[in-house]
**Student:** 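Please see the structure below; I have some questions.
Scope of the values below: all heavy atoms of this structure, side chains included, with no hydrogens, waters or symmetry mates. Here the structure is a predicted model, which is why all the values come from computation and not from measurement. Just so it is clear: chains get the letters A, B, ... in the order the sequence lines come, proteins before strands, and each one is counted from 1.
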Number of protein chains: 2
Amino acid sequence: MTSADLSDKMGEYELKSVRHNVAFRVAATSIVDAIADDLRARLFVGELAGGMALTETDMAASYDVARPTAKAAIEKLVAEGLLVRGVHKTARVAALGPESVRDIYLARAYLESEVLRRLAATRTVPAGAAQANQDIAAVGDGSALAVVEPDMRFHTSLIDAVGNERVSKMYRSLVSEVRLCMTRVQSLNLLDTALIQAEHEKILELIGAGEGEAAAALLDVHLGRARERLVAALGGRPGPAAELPSDLLPS
Amino acid sequence: MTSADLSDKMGEYELKSVRHNVAFRVAATSIVDAIADDLRARLFVGELAGGMALTETDMAASYDVARPTAKAAIEKLVAEGLLVRGVHKTARVAALGPESVRDIYLARAYLESEVLRRLAATRTVPAGAAQANQDIAAVGDGSALAVVEPDMRFHTSLIDAVGNERVSKMYRSLVSEVRLCMTRVQSLNLLDTALIQAEHEKILELIGAGEGEAAAALLDVHLGRARERLVAALGGRPGPAAELPSDLLPS
DNA sequence: GTTCCAAAAGTGTCTAACAAGTGTGCACGC
DNA sequence: GCGTGCACACTTGTTAGACACTTTTGGAAC
């Protein structure tokens, strides 16, 4: 991508920012957010490969903003874990290696399995999660990447359902990386959409039945399979969780 | 506190920053971090009361730095949850009300109880946690505030023991607020040090015995009591968890 | 007393610049 | 020829001053 492309793209953001009391308030409210959002999107798409250097000066020039603005956007992504950087060193796109994938998925499991237990204790089945799962089913086998959005929504709905502001914040600190992993899983076609959807459904059922322990166990299977398959795809040695348990095979 | 006091205090940080290749590298590496650390310390001490406004200009003048530097420090504390601010509004010290306390302690419980379960599954008793608990015992009934540091260390040791980078990061996003709560609990003398220490000990025993469920349950009691007593002290209506279960009463 | 307008205070962003740290390549000496 | 050290380019950290815009506040008019 050339500077010109970036400048063109930035045009929209300038509009949103400068005239942000008009129509498209939905977008980012500040220039920093707009740049961070755009960089994030480009990271998900894979346009910015792992290890690539992102200097403040280049970003400032590309988006036609001052360096401090670019700096703030970069620092935001560093805080999200999508970029890494040391003191006085230029920010680089975080490489998604097998060990990172395991770390991310295990961290998810820690938080989500406990959430399932507590939701099951009160038999609370969040409506948003059920809706999200229906949306997954509606996507069908069209484009695998279209599953990412409702899949993310399913899991965040569960987290948000506990109604704890800080739990949601903690999960959000993970969300960017989770989404990155999911995008990879889907673009590599590592999972069957029907299986994802079926397991989600079962998890909701178990919550409704008050069986938190079983729901947490199923979640571990659900996440574990995705995790180990992605690990394998990235060149790591997959664990046994990569296999597909037959009792949930569709058909 | 006057501007002069702040400027004096800042002198130390300038030294640490400018000459940070000499002796005291341990301190903050950047000016922004130094200011953030100082503000954090003053928040814990209670010098900055809840609701107090912290304008960028004032901070810049107080610490004798440029406004962007002060801005960065403020944004850091906002990210930690110690300050709150809206767009175009001046940052204020987050008020620690009953609902915040419940939110914070419940979020802790979500993460920590799951960690206990997983540690118990492998019967992993972290050495750091045991050490921290001995340090609590050593403090005795001297000054209640001295318990805060080893108490924090006990809990962070447990979290870090799972060896998951992102789990530690998530917990760290909570740590400042947890410490703030703890400081209040101790300065109000809401808990007996011996009880804290005894329950910590029991939790470690249960982990070693592989009884994760029991450890998690005890943690809920442990945190629940502190939570509800602090809620009561802050003017909220305490739940039943504020009571002291007799089976763990010292003596 | 209420409402509206204008000034003041404060934040978001930019430009320009200097200081300090990191890394690279080249010259020099062995 | 090869390793060491130094100088230079690149990049980040921080500052100063400035302007645009927003929120708040105070007063004036009704």
**Student:** Starting from P on C:dT11, measure out to CZ on B:R92 and report it in whole angstrom.
**Tutor:** 10 Å
**Student:** Verify the contact: side-chain N or O of B:K71 to OP1 or OP2 of C:dG12, cut-off strictly under 4.0 Å; return yes or no.
**Tutor:** yes
**Student:** Hey, is B:E149 close enough to B:R179 for a salt bridge, meaning N to O under 4.0 Å?
**Tutor:**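 Not counted as a salt bridge, because no side-chain N and carboxylate O are separated by less than 4.0 Å.
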**Student:** Can any side-chain N or O of A:R92 pair as donor or acceptor with the backbone N or O of A:V84 at less than 3.5 Å?
**Tutor:**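 No.
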**Student:** Any side-chain N or O of B:R85 less than 4.0 Å from the OP1 or OP2 oxygen of D:dT23?
**Tutor:** no
**Student:** If you go through the side-chain atoms of A:R67, does one of them form a donor-acceptor pair with the base of D:dG13 closer than 3.5 Å?
**Tutor:** yes
**Student:** Whole angstrom is fine here: how far is it from CD1 in A:I35 over to P in C:dT13?
**Tutor:** 9 Å
**Student:** Between A:K89 and A:P68, who's closer to the 5' end of DNA chain D by nearest nucleotide?
**Tutor:** A:K89
**Student:** Check the orientation of A:F154 and A:H200. Use parallel for under 30°, tilted for 30 to 60°, and perpendicular for over 60°.
**Tutor:**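 Judged by the thresholds at 30° and 60°, the geometry between A:F154 and A:H200 is parallel.
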**Student:** Could you state the atom-to-atom distance from CD1 of B:I74 to P of C:dT11 in whole Å?
**Tutor:**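 Checked: the CD1 to P distance equals 7 Å.
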**Student:** Atom CD1 of A:I31 and atom C1' of D:dC19: how far apart are they, to the nearest Å?
**Tutor:**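 Checked: the CD1 to C1' distance equals 13 Å.
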**Student:** In this structure, how many angstroms lie between the C1' atom of D:dT14 and the OH atom of B:Y63, rounded?
**Tutor:**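 Whole-Å distance recorded here is 17 Å.
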**Student:** Could you state the atom-to-atom distance from NE2 of B:H88 to P of D:dC21 in whole Å?
**Tutor:** 10 Å
**Student:** For B:E165 versus A:D103, what's the shortest heavy-atom pair and its separation?
**Tutor:** N-OD1, 3.0 Å
